[in-house]
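Chain naming here is simple, since letters A, B, ... match the order of the sequence lines and numbering starts at 1 in each.
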Protein chains: 2
Amino acid sequence: MNTKNKILQVALALYNQEGIRSVTTRHIATTMGISAGNLHYHFKHTEDIILALFEQLTAAYDTIVQNLSEHPVLNLAELEAYIDSSFYLIEQYRFIFINFVELGSWIPSIRESYQKLVSKREQEFSRLFTNLVNANVFRSDIAPALLNSLVRQLFLISDFWISSNELTAQLRGEEALLIYRQDILSIFTPYLQ
Amino acid sequence: MNTKNKILQVALALYNQEGIRSVTTRHIATTMGISAGNLHYHFKHTEDIILALFEQLTAAYDTIVQNLSEHPVLNLAELEAYIDSSFYLIEQYRFIFINFVELGSWIPSIRESYQKLVSKREQEFSRLFTNLVNANVFRSDIAPALLNSLVRQLFLISDFWISSNELTAQLRGEEALLIYRQDILSIFTPYLQ
DNA sequence: TCAAATTTAGAACAAATGTTCTAAATTTGA
DNA sequence: TCAAATTTAGAACATTTGTTCTAAATTTGA
C-alpha cells in the first residue's frame with residue numbers, strides 16, 4: 001500500500017478512536033512512523049485528508065446503491081440485509097457522523113456532498129418502498145405527507161444512531177447492530193401489510 | 001448582570017453561531033470587551049464554561065419536567081405544547097446537541113450528566129404515556145418492547161433533529177418548529193386511539 | 001547507468017491558544 | 001474613610017499546531 005492510502009487508513013482509525021478534536025497531523029504521522037513533513041507532502045492541508053475520507057464514504061455508499069438497483073429488495077429479510085450493510089458502512093466512518101455538522105461548516109464541500117447523498121438515498125428509498133408495496137409487504141394506503149416524515153425519520157436514525165448510542169448504551173459490534181436494526185424496522189412496523 | 005453570567009451568555013451565543021471548533025476564550029473575551037486574563041479569573045479552564053452552560057441546560061430541563069408533573073399532559077394539544085417547549089430549549093443550547101459526543105468524551109461529567117437526563121426523561125415519558133392511554137388518546141395494546149423502541153426513537157429525534165436540519169434543510173425558527181413537531185408526532189400517529 | 005523526478009526526514013516558522021502572573025483599579029464593608 | 005478583598009487589563013509563557021523549507025535519500029525510466 002502506498003503512503004497516501006496508508007495515511008488515510010491511519011487517519012480514519014485515529015479519528016474514529018480519539019475524535020477529531022485530539023487528532024493532529026503530527027499524531028497521524030508519528031503513529032504510522034513517517035515524518036510530519038512527509039505527510040504534508042501527500043496532503044497539503046488537514047482538510048484534504050478528511051475530504052478524501054468523506055469521498056471514500058460516498059463511494060462505498062454508491063456501491064451499495066448500485067447493488068440495490070441490481071438486486072431489488074422484495075421482502076423483510078432483504079430489507080434487513082440492506083439495513084445491516086448501511087450500518088457497517090456508517091460504523092466504519094463513524095467520526096464523520098459524530099462530527100457531521102462541525103465538518104460541514106468547516107469544509108463546505110462536505111455539506112454540499114451530503115446534500116447529494118441525501119437525494120440519492122431519497123430516490124433509492126422511494127424505489128425500495130414501491131417494491132415492498134408491490135410485493136404486498138407494506139400497506140398501499142400511506143399518505144405522501146406521512147411518507148415524507150417516515151423518510152426523514154429513517155435518515156435521522158441512520159445518521160445519528162451512532163451518536164446517540166455513544167452517549168448512552170455504548171453498544172459495540174453485533175449488539176449495536178441488533179438494536180440499530182430493530183429501531184430502523186420499528187419505523188415500518190405499523191405499516192406492514 | 002455580573003461578569004460571570006455575561007461570559008456564559010456571550011459564550012453560548014458564540015458557540016451556537018460559530019461552533020466550538022472556532023471559538024476560543026480570547027474570542028469570547030474580546031467579543032464582550034474584557035481581557036482574556038479577566039475571563040480566566042472567572043473561569044479557570046474552558047471546560048468550566050462549557051460545563052456551566054450544560055448545567056444551565058439541565059436546570060432548564062428540570063423546570064420543564066417539574067411543570068409537567070404539576071400539569072400533566074392529557075390530550076394532543078398539550079402534548080404539542082410540551083414538544084414545543086423542548087424544541088425551544090434544545091435550539092437555545094444547540095451547540096451542545098451538535099457536539100454532544102465530542103463534548104461527552106472531552107468532559108466526562110457531561111456524559112454522566114446526560115445519562116441522568118435520559119433516565120429522567122424516560123420516567124417522564126412513561127408517566128406521560130400512561131396518562132394518554134388512560135385518557136383514551138393512545139391505544140392500550142402496545143407491546144413493551146415496541147414501546148422501548150419508540151422511546152429511543154423519540155429521544156434520538158429530540159436530540160439530533162437540530163443536527164440533521166443543519167445539514168439539510170437548514171430551517172430556522174417557526175419553520176423548523178413545525179417540521180420538528182410533525183416528526184415527533186408522527187412516531188405516535190400509528191398508535192393513536 | 002545515470003540524470004531527472006519523487007519521496008522522505010527533520011529543522012524551522014508563524015500563528016494560535018490556554019493559562020499564569022503582576023500590578024493597577026475598583027468595590028466592599030466595618 | 002480606608003484597609004482588605006475583588007476584579008480587571010495586559011504582558012508574558014509554554015505548548016501545540018499547521019505548514020513550509022531544505023537537503024538528502026530513493027525510485028523511475030530512458
Side-chain angles (χ1 to χ4, degrees), chain A residues 1-56 95-96 98-99 102-111, chain B residues 1-56 95-96 98-99 102-111:
Chain A
M1 182 182 287
N2 63 24
T3 309
K4 199 158 184 170
N5 282 328
K6 193 159 187 199
I7 290 171
L8 291 177
Q9 186 195 328
V10 171
L12 177 61
L14 285 178
Y15 282 136
N16 280 342
Q17 279 159 33
E18 330 256 341
I20 54 167
R21 190 179 192 81
S22 38
V23 174
T24 66
T25 50
R26 271 189 181 75
H27 195 163
I28 296 167
T30 54
T31 300
M32 59 185 287
I34 65 168
S35 66
N38 191 9
L39 183 142
H40 277 281
Y41 167 76
H42 290 285
F43 293 96
K44 204 154 205 215
H45 305 281
T46 311
E47 298 104 270
D48 300 335
I49 297 176
I50 291 175
L51 193 56
L53 288 172
F54 184 76
E55 276 158 9
Q56 284 186 358
F95 89 92
I96 290 178
I98 284 171
N99 302 282
E102 200 77 18
L103 291 178
S105 70
W106 179 22
I107 306 167
S109 53
I110 283 189
R111 247 204 77 227
Chain B
M1 183 183 289
N2 63 23
T3 309
K4 199 158 185 171
N5 283 328
K6 193 160 187 199
I7 290 171
L8 291 177
Q9 186 195 328
V10 172
L12 177 61
L14 285 179
Y15 283 136
N16 281 341
Q17 279 159 32
E18 330 256 340
I20 54 166
R21 189 178 192 82
S22 39
V23 174
T24 66
T25 50
R26 271 187 180 76
H27 194 163
I28 297 166
T30 54
T31 299
M32 59 184 288
I34 66 167
S35 66
N38 191 9
L39 182 142
H40 279 280
Y41 167 76
H42 289 285
F43 294 95
K44 204 155 205 214
H45 305 280
T46 312
E47 299 104 270
D48 300 335
I49 297 176
I50 291 174
L51 193 56
L53 288 172
F54 185 75
E55 275 158 8
Q56 284 187 358
F95 89 93
I96 291 179
I98 283 171
N99 302 281
E102 199 77 18
L103 291 178
S105 70
W106 178 23
I107 306 167
S109 53
I110 283 190
R111 245 204 79 227

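- Taking A:Glu102 as the reference, nothing meets the side-chain hydrogen bond (donor to acceptor under 3.5 Å, both in side chains) condition, with sequence neighbours excluded.
- Here the closest heavy-atom approach between residue A:Ile7 and residue A:His42 is recorded as CD1-CB, 3.8 Å.
- Minimum heavy-atom separation, A:Thr31 to A:Leu14: OG1-CD1, 3.6 Å.
- One distance of note links OG1 of A:Thr3 with CG of A:Leu39; it measures 10.0 Å at 0.5 Å rounding.
- Listed by residue number, the members of residues 37-49 of chain A with any heavy atom below 4.0 angstrom from DNA chain C are A:Gly37, A:Asn38, A:Tyr41, A:His42.
- Residues B:Ile96 and B:Leu103 share a closest heavy-atom pair of CA-CD1, 3.9 Å.
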side-chain contact (heavy atoms from CB on, under 4.5 Å) assessment of A:Phe95 paired with A:Gln17: CA-CA 8 Å; A:Phe95 89 92; A:Gln17 279 159 33; over 6 Å; no
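- For B:Asn5, the side-chain hydrogen bond (donor to acceptor under 3.5 Å, both in side chains) partners are B:Asn2, not counting sequence neighbours.
- Against DNA chain C, the stretch residues 1-19 of chain B makes no heavy-atom approach under 4.0 Å.
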May I have the list of side-chain donor-acceptor pairs in residues 45-55 of chain B shorter than 3.5 Å, sequence neighbours left out?
from: B:Asp48; atom 1: OD2; to: B:His45; atom 2: N; distance (Å): 3.0

Tell me which donor-acceptor pairs under 3.5 Å the side chains of residues 18-29 of chain B have, and how far apart each pair is, sequence neighbours excluded?
from: B:Ser22; atom 1: OG; to: B:Glu18; atom 2: O; distance (Å): 2.8
from: B:Thr24; atom 1: OG1; to: B:His27; atom 2: N; distance (Å): 3.0
from: B:Thr25; atom 1: OG1; to: B:His40; atom 2: NE2; distance (Å): 3.2

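- Of all nucleotides in DNA chain C having an atom under 4.0 Å from a heavy atom of chain B, the first and last in 5' to 3' order are C:dT17 to C:dT20.
- The stretch residues 23-36 of chain B touches DNA chain D through B:Arg26, B:Gly33, B:Ile34, B:Ser35, each having a heavy atom within less than 4.0 Å of the strand.
- Taking a pair as Watson-Crick or G-U wobble with both distances under 3.5 Å, DNA chain D forms stems of 3 or more consecutive pairs at C:1-30 with D:1-30.
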